[in-house]
Amino acid sequence: MGVILRNLQKQVPLRRARLRKDVETLRHILGIHKFDLGIVCVDNHRIQQINNIYRKKNVPTDVLSFPFYEDLRPGKMPLPLHRDEQNLGDIFLGVEYVMKQCQEESLDLHETLTAVTAHGICHLLGYRHETEEEWTEMLQRENYILSEYNRLTGRSLEPLMKRCSQDR
Amino acid sequence: MLKSVVRAVGAAVRLSSVATSTARTLPLSCPTLCSPSLATTRPFTRSLWMLNNNGASSGYRPKLFSSKALNPSISCGCGSLHTEGDKAFGAFLSDEIKEELKIQKNNNLPKMSGGWELALNGTEAKLSRNVAGEKITVTFNVNNSIPPNFEEEAEQGQQKSEEEEVQPEIVSSPNFVVDVTKQGAKHSLVFDCHFPEDEVSHGEGEEESDIFAIREVSFQPEGDTDWKENSYTLNTDALDWALYDHLMDFLADRGVDNTFADELMALSTAVEHKEYIKFLENLHGFVKCN
């Protein structure tokens with residue numbers, strides 16, 4: 001298994017190979033390559049629907065994570081007993097929402113999607129940002145991931161702090 | 001989400017707003033055919049009728065066959081069989097055609113964006129475009145392109161009251177073949193694509209299939225319509241996902257992406273509906289025999 005990538009939307013032209021490669025790099029950095037991971041790209045309508053159902057927030061957003069392990073302590077790796085537990089969960093990327101942000105801030109879509117995905121993976125690994133303490137802890141982890149990503153790829157990604165302060 | 005909407009309506013029955021206009025069923029629900037007055041009228045077989053025909057070579061007519069009740073009630077001199085059943089069938093078809101024409105949104109087929117040229121040959125459609133020295137053609141057939149799970153939906157629909165029941169539309173989602181031909185090349189790269197069936201997750205009703213997927217990839221002789229079985233065929237069931245993504249990106253660069261797939265479904269649905277109406281009209285003409 002590995003990364004299961006689904007593109008369920010038509011608003012944003014996506015480069016699937018590029019997105020997969022970037023997600024694989026993030027998995028490598030985090031040492032989670034033996035875990036399956038779902039990446040589902042959706043439009044504003046769909047992510048708003050999911051946001052409303054699961055978070056009671058009837059607005060579109062950039063990313064929603066659905067961890068397989070719901071009570072992980074941040075930084076602790078899951079300990080799967082069976083093959084079907086080698087799964088971190090699913091990340092829904094609101095690619096239409098992200099594209100709009102990119103247009104407004106003149107950012108590259110796929111680079112931004114990588115930063116957003118890193119944020120989503122952190123949630124799958126137990127990180128939260130409901131308190132100041134949690135926020136700092138998560139930000140530190142994201143900083144580490146993206147600095148490693150930048151070192152490996154020569155890019156210069158930064159955590160999306162502004163957006164992270166609004167969304168889980 | 002688009003896909004879920006498409007799939008929801010894809011699992012539908014062609015139901016008109018009028019109760020008597022039904023889905024593509026045999027006209028068993030036609031009140032006239034089920035009325036007690038006709039219950040005794042047995043449908044003829046052609047061989048029985050030929051025995052009763054005035055032109056039958058043997059002059060012998062058993063009494064049974066001279067019964068007035070079994071004679072056809074309509075005659076047009078064409079020499080073919082006409083029964084009360086045919087008359088009812090014709091009337092049913094006439095109503096059905098009217099209803100189908102009513103729900104036909106537009107007689108013109110929807111346009112594909114991206115400069116695709118459309119050529120139709122009956123139920124077969126061919127879309128083609130040239131991109132910088134490459135020729136891309138997409139072919140599909142609207143026959144058998146309606147997802148088969150509409151019966152279940154119809155049963156569920158019957159449990160609802162007419163007020164709350166929303167009549168969904170049929171959506172045609174045919175398999176389609178993409179040929180990419182480079183200038184001067186002897187072989188085309190051929191992609192066999194399809195619209196995946198729903199992966200219904202029973203929890204939240206979410207499904208996570210791509211809008212369309214590649215099933216097989218192969219090199220085939222350019223311009224040859226027959227699929228050469230001795231050409232290596234890459235099946236995507238057990239494929240490196242990175243390779244699969246590159247193949248999808250390759251198609252997207254040539255205009256075959258989710259937007260295209262969505263428009264193709266709309267086009268196929270319109271073509272299918274048009275062909276269905278044409279078939280009903282032919283059937284009506286055949287049954288009426290004029």
The criterion is side-chain hydrogen bond (donor to acceptor under 3.5 Å, both in side chains); which residues satisfy it with A/Asp22, sequence neighbours excluded?
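A/Arg18, A/Thr114, A/Tyr149.
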
Relative to chain B, which of A/Gln11, A/Arg15, A/Glu24, A/Lys21 shows the most heavy atom pairs under 4.5 Å?
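With the most close heavy-atom pairs to chain B, the winner is A/Arg15.
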
Electrostatic pair A/Asp71-A/Lys76, nearest N-O below 4.0 angstrom
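No.
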
When you check the gap from the basic side-chain N to the acidic O, do A/Lys100 and A/Glu104 get nearer than 4.0 Å?
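Yes, A/Lys100 and A/Glu104 are salt-bridged.
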
Does A/Tyr54 have its ring centroid less than 6.0 Å away from the ring centroid of A/Phe66?
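Centroid separation for A/Tyr54 and A/Phe66: below 6.0 Å.
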
Chain A contact residues among residues 245-256 of chain B, heavy-atom distance under 4.5 Å
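Listed by number, the contacting residues are B/Asp245, B/His246, B/Met248, B/Asp249, B/Asp253.
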
Would you tabulate the side-chain donor-acceptor contacts of residues 137-145 of chain B under 3.5 Å, counting partners in other chains and residues two or more places apart, or write 'none'?
{"unit_1": "B/Asn141", "atom_1": "OD1", "unit_2": "B/Thr123", "atom_2": "OG1", "d": "2.9"}
{"unit_1": "B/Asn141", "atom_1": "OD1", "unit_2": "B/Asn143", "atom_2": "N", "d": "2.9"}
{"unit_1": "B/Asn143", "atom_1": "ND2", "unit_2": "B/Thr123", "atom_2": "OG1", "d": "3.4"}
{"unit_1": "B/Ser145", "atom_1": "OG", "unit_2": "B/Val142", "atom_2": "O", "d": "2.6"}
{"unit_1": "B/Ser145", "atom_1": "OG", "unit_2": "B/Ser172", "atom_2": "OG", "d": "2.6"}

Whether the A/Gln48 and A/Asn58 side chains hold a donor-acceptor pair (N or O, under 3.5 Å, no angle test) is what I'd like checked.
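Per modelled atom types, A/Gln48 and A/Asn58 side chains form a pair under 3.5 Å.
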
My understanding is that only residues two or more places apart in sequence, or in another chain, count here; which of them pass salt bridge (charged side-chain N to carboxylate O under 4.0 Å, His left out) with B/Asp192?
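Salt bridge (charged side-chain N to carboxylate O under 4.0 Å, His left out) list for B/Asp192, sorted by chain: empty.
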
Sort B/Tyr244 into side chain, backbone, both or neither according to what part of it lies under 4.5 angstrom from a heavy atom of chain A.
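Answer is side chain: those atoms of B/Tyr244 sit under 4.5 Å from chain A.
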
Does any backbone or side-chain atom of A/Leu19 lie under 4.5 Å from a heavy atom of chain B? Answer side chain, backbone, both or neither.
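Neither part, no heavy atoms under 4.5 Å.
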
